[in-house]
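Notes to accompany the following structure.
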Amino acid sequence: MSASREEWGTSAGFVLATIGSAVGIGNIWRFSYVAGENGGGAFLMIYLLSVALVGLPIIVGEMAIGRAGGGDAVAAFSRGARQRSPWRYAGWLAVVGCMLILSFYGVIAGWALKYFVGSMTGTLWEHAGGGGFGGYFKKFIANHGEPLGWQLAMMALTMFVVAGGVRKGIEAVNRILMPLLAVCVVALAVYSATLPGAAAGWRFLFVPDWSALLHSRVLVAAVGQAFFSLGVGMAIFITYASYLGPQTRIPRSAIAIAAGDTLFAIVAGLAIFPAVFAFGMDPKAGPELAFITLPQIFISMPGGWLVGPVFFALLVAAALTSMVSLLEVPVAAIVHRTRLSRRTAVAVIGTAIFVVGIPSALSFGLLGDMRIFGRGVLDAIDQAVSNYLLPIGGILVCVYAGWHLPKAEALASSGLGSGRTGLIWLWLVRVLAPLTILVILRDTIGAV
């Protein structure tokens with residue numbers, strides 16, 4: 001069966017799956033340290049504005065393209081009689097972007113799985129002596145083979161889910177994992193609220209440091225995090241919307257997705273920052289926050305033997321829901337234009353992505369001396385995709401949905417109609433969103 005002919009079982013299943021695609025390591029691991037490095041409350045305020053004025057309009061635009069095109073990402077951009085339209089390259093750019101993201105995302109997800117298993121069996125705590133958790137983490141990622149094994153395990157789980165199809169695979173897994181994720185993150189936030197000194201973490205997250213607004217890097221980080229977290233510019237929403245039935249309302253679903261993803265990130269911050277401040281740790285610890293700083297906190301806090309596994313289970317589950325959506329984009333594109341079955345396409349593409357991700361897995365060990373524009377392999381791919389491919393993909397969505405599609409068709413496909421709300425969305429997707437992205441791109445290029 002062609003991927004374009006599959007449909008979600010229910011509108012709720014679609015919303016849960018799309019929230020699952022947005023909610024991932026970016027909401028827990030990346031949001032926490034980026035907020036910590038960029039002024040806490042000031043960053044959060046710009047982040048919320050970015051989601052509402054840039055992210056949400058693009059989500060609606062992607063869904064409108066997916067529903068109008070009725071196919072995978074490439075087909076959606078090159079539909080109708082003009083199958084050889086240059087716009088098809090926008091779809092292929094998104095396909096390549098998803099594969100590149102998944103190549104290094106699977107590596108980090110493998111780290112989370114390693115820590116989850118270690119926290120459950122006790123080996124994480126037993127081997128944390130000597131150089132502490134910092135030494136433990138650095139020794140693990142510098143290992144030539146172990147990171148590859150955990151990366152392979154996460155890719156295998158992802159491939160298993162996607163091979164099950166839209167309804168029996170992706171939707172079924174998200175129906176289970178998303179409620180569990182919500183329960184876990186809320187429980188951790190409630191627990192963190194009971195720790196002495198938790199109020200300092202709340203102030204850090206919600207009270208803006210207004211001086212931070214004078215730094216362009218805070219604006220760049222906030223908009224970039226909104227892009228990375230929501231998953232816009234990757235054609236995930238285009239692909240998922242192509243499986244929509246006529247009964248699903250795009251505006252309502254888009255708002256639920258943006259709100260759910262944002263709320264999850266904020267609650268994750270409420271789970272992490274009070275604990276960080278309660279134990280006198282540095283909220284600006286960077287990417288090491290999840291794998292070095294937090295384990296130090298877990299081993300010191302009452303009940304940490306239980307909180308630690310719950311946190312790392314949360315990381316793994318969030319990573320899996322995002323990895324599933326990233327793999328579905330290229331799988332849908334290949335199934336749609338070849339005679340390969342879904343399972344064969346999943347096996348071929350999943351294996352290729354794993355192979356492409358091997359240098360990222362080894363970038364802290366065997367390939368530690370390799371540099372791409374002054375960065376390690378994993379960091380270089382992350383920066384290239386997050387700072388360039390995703391913003392360019394977002395601009396292409398804005399131009400296609402806002403200018404290329406006939407106005408009446410764009411408004412009809414979005415479900416907004418020609419009233420005031422539809423016209424505001426059209427202005428946002430035509431003008432404000434692409435201009436904001438261009439400003440960020442200019443700043444990013446200028447910083448290189």
Side-chain angles (χ1 to χ4, degrees), residues 19 22-59 181-182 185-186 188-190 192-193 195 197-232 254-278 281-290 293-294 311 314-315 318 386-387 390-391 394 428 432-433 436-437 439-440 443-444:
I19 292 177
V23 169
I25 290 178
N27 299 71
I28 306 168
W29 171 68
R30 199 173 191 273
F31 177 85
S32 299
Y33 84 75
V34 173
E37 291 175 339
N38 291 280
F43 168 88
L44 179 60
M45 184 176 69
I46 301 174
Y47 174 78
L48 293 175
L49 287 173
S50 301
V51 169
L53 300 179
V54 180
L56 182 57
I58 297 178
I59 291 176
L181 280 171
V185 74
V186 169
L188 287 175
V190 171
S192 289
L195 297 173
W202 300 340
R203 287 193 297 271
F204 177 79
L205 187 59
F206 293 118
V207 178
D209 173 10
W210 298 113
S211 64
L213 298 179
L214 300 175
H215 302 288
S216 61
R217 64 176 176 80
V218 177
L219 175 63
V220 172
V223 178
Q225 175 62 24
F227 260 74
F228 191 93
S229 179
L230 289 171
V232 294
I255 291 172
I257 293 161
D261 177 74
T262 303
L263 185 61
F264 194 96
I266 292 173
V267 177
L270 288 174
I272 292 171
F273 286 121
V276 168
F277 277 90
M281 298 295 181
D282 183 8
K284 303 177 183 179
E288 301 165 344
L289 182 65
T293 304
L294 289 177
F311 173 78
L314 181 67
L315 269 186
S386 300
N387 292 345
L390 295 189
L428 289 172
L432 183 62
T436 302
I437 299 169
V439 169
I440 300 305
D443 192 278
T444 301

Would you mind writing out the side-chain donor-acceptor pairs for residues 261-270 within the sub-3.5 Å range, not counting sequence neighbours?
residue, atom, partner, partner atom, Å
D261, OD1, N27, ND2, 2.8
D261, OD1, S229, OG, 3.2
D261, OD2, S229, OG, 2.8
T262, OG1, A258, O, 2.8

Which atom pairs, donor and acceptor, lie under 3.5 Å between side-chain atoms of residues 43-59 and protein residues at least two apart or in another chain?
residue, atom, partner, partner atom, Å
S50, OG, I46, O, 2.8

Can you give the donor-acceptor pairs under 3.5 Å from side chains of residues 198-208 to other protein atoms, not counting sequence neighbours?
none

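Closest approach of I437 and G394 over heavy atoms only: CD1-C, 4.1 Å. Here the closest heavy-atom approach between residue V34 and residue N38 is recorded as O-ND2, 2.8 Å. Nearest heavy atom pair, residue A271 against residue V185, reads CB-O, 4.3 Å.
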(request) Would you check, one step at a time, whether the test side-chain contact (heavy atoms from CB on, under 4.5 Å) holds for I272 with F31? (result) CA-CA 11 Å; I272 292 171; F31 177 85; over 6 Å; no

